[in-house]
Amino acid sequence: MSQVADTVQPATDQDLTGGFDSLDRETHVDRLPVEGRLPDWLHGALVRTAPAKWEVGSQTMNHWFDGFAMLHRFGIADGEVSYANRFLQTRAYRAAEEKGEIVYSEFATDPCRSLFGRAMSIFSPKLTDNANVNLVKLGERYISMTETPIAVEFDGDTLETAGVAYEAPGMLTTAHPHLDRASGGMLNYAAKLGPRNRYRFYVVPAGESKPRVIAQLPVSEPAYMHSFGLTERWIVFAEFPFVVNPISIPLSGRPYIENYRWKPELGTRITLVDRRTGEATGPFETDPYFCFHHANAYEENGSVVVDACTYGDAQIVEDLYLDRLRGGKPAARAELRRFRIEVGSGDVAHEQLAEGLELPRINYSRNNELPYRYVWGVDAKSGWLDRIVKADVESGSTIEWAEDGCSPGEPVFVAAPEEQSEDGGVLLSVVFDSSSGRSFLLVLDAADLSELARAEAPHGIPYGFHGQFVGN
Ligand SMILES: [Fe+2]
């Protein structure tokens, strides 16, 4: 049974590992069976990218993040739901299909090339384009992305791969760009590696394919950067102390992420970059944390508030290796933590806002860069994602949705039309149901997490990361 309560008990005996099985089948279904009733106003599509296949020939990739990208589309119209899924036809995927082996280096998988080949792979454009982390709709274009510079455009209706959308100005980037409201474009981070390393911030204007660098900072050991914060004035750039000496990447013989080192003695260093001038203020130093996802950031009375899903260290990167996950080993649990930077004094205070929350979403178009109240995400009380959480960052209270044997993905908030309240709308989450081996699209009331409807997909959808709802 579905549960809505603030004290949902952890289920300790459920086996949720089926969500790490590879999915080879591409399909299209015009009408999924729907239980419940979808809101009349909900028209559009939830489009997601996710790793879906970890085996190539006799090889298996090492890490959850390594799997080949598959696009999934739940189309919603007139109370009905369609579903389609297709592999992203990246050069990494096509090369693997053609050769029957892994050809490109992924996050934690290296195809064991020669030393020369490794060197070329980091200092030349031979990087993977396996865009399995997140996607955006930029102007009229759907763009899927990962943390290497090549973003991949696809057709949002047919899921057909179109080609390279743009190339980020660096060897590493994030799959979590922000909307640049002034230009209608997107704002993102890149790391330029080489004899002199630089952090860069860049804008890709809507309708254009050439990134424009708006700020850059020198750095000797870049930190792993999965996302960043944005306020009306500042790019909020937190360096969590999981860092790399870039020269070690081609020389070490290790896959990309295994070159990073946890150095808690560095603390967390937060730099503010003026979006208009590109000038940097800081860094402001505080205790060491690790983080993939920022929830929101804003300015308030001379301070900058940054809310992020944090871990005490970078063990989570180890926890997400595929053999551990398929073996049912637990993954570390993120908390929602608030950092408050007093820009004048340089002091940084921090506090826990919610005990467990990852894959955060907010009412982005209304509240990003601004004071806000609600974050939705998922939590992993049982060792793997097993509930959807709504956190009230003003009161510190949380409510949850959970169901036995079910593992929900990122809950995407969709605002109801003409709705004034911050939580007026629905959440869309793709849930893996271990009892059936299938996944379903879950539609919750975003205010109280009560279930409105669910639509069962024809197969299990491997656990993924991020997606977007595009209305029509
Ligand atoms: Fe992410």
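Both counts, for ligands and for their atoms, begin at 1 and track the order of listing. Computed from heavy atoms alone, side chains included, the values below leave out hydrogens, waters and symmetry copies.
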Does a donor on one side chain sit under 3.5 Å from an acceptor on the other, for T17 and D15?
-> yes
Restricting to pairs with a member in residues 59-68, which pass side chain to side chain donor-acceptor pair (under 3.5 Å), not counting sequence neighbours?
-> D66-T109
Tell me which donor-acceptor pairs under 3.5 Å the side chains of residues 461-472 have, and how far apart each pair is, sequence neighbours excluded?
| residue | atom | partner | partner atom | Å |
| --- | --- | --- | --- | --- |
| Y463 | OH | L16 | O | 2.6 |
| H466 | ND1 | E410 | OE2 | 2.9 |
| H466 | NE2 | H176 | NE2 | 3.0 |
| H466 | NE2 | H293 | NE2 | 3.1 |
| Q468 | OE1 | R361 | NH2 | 2.9 |
| Q468 | NE2 | N134 | OD1 | 3.3 |
| Q468 | NE2 | L135 | O | 3.2 |
| N472 | OD1 | G44 | N | 3.4 |

Under-2.8 Å neighbours of the Fe ion (ligand 1), protein N/O/S atoms only | 4
Donor + acceptor pair across side chains of H294, S227 (<3.5 Å) | yes
Counterpart residues, side chain to side chain donor-acceptor pair (under 3.5 Å), relative to D129 (two or more places apart) = none
Do Y199 and E239 have a side chain donor and acceptor closer than 3.5 Å?
-> yes
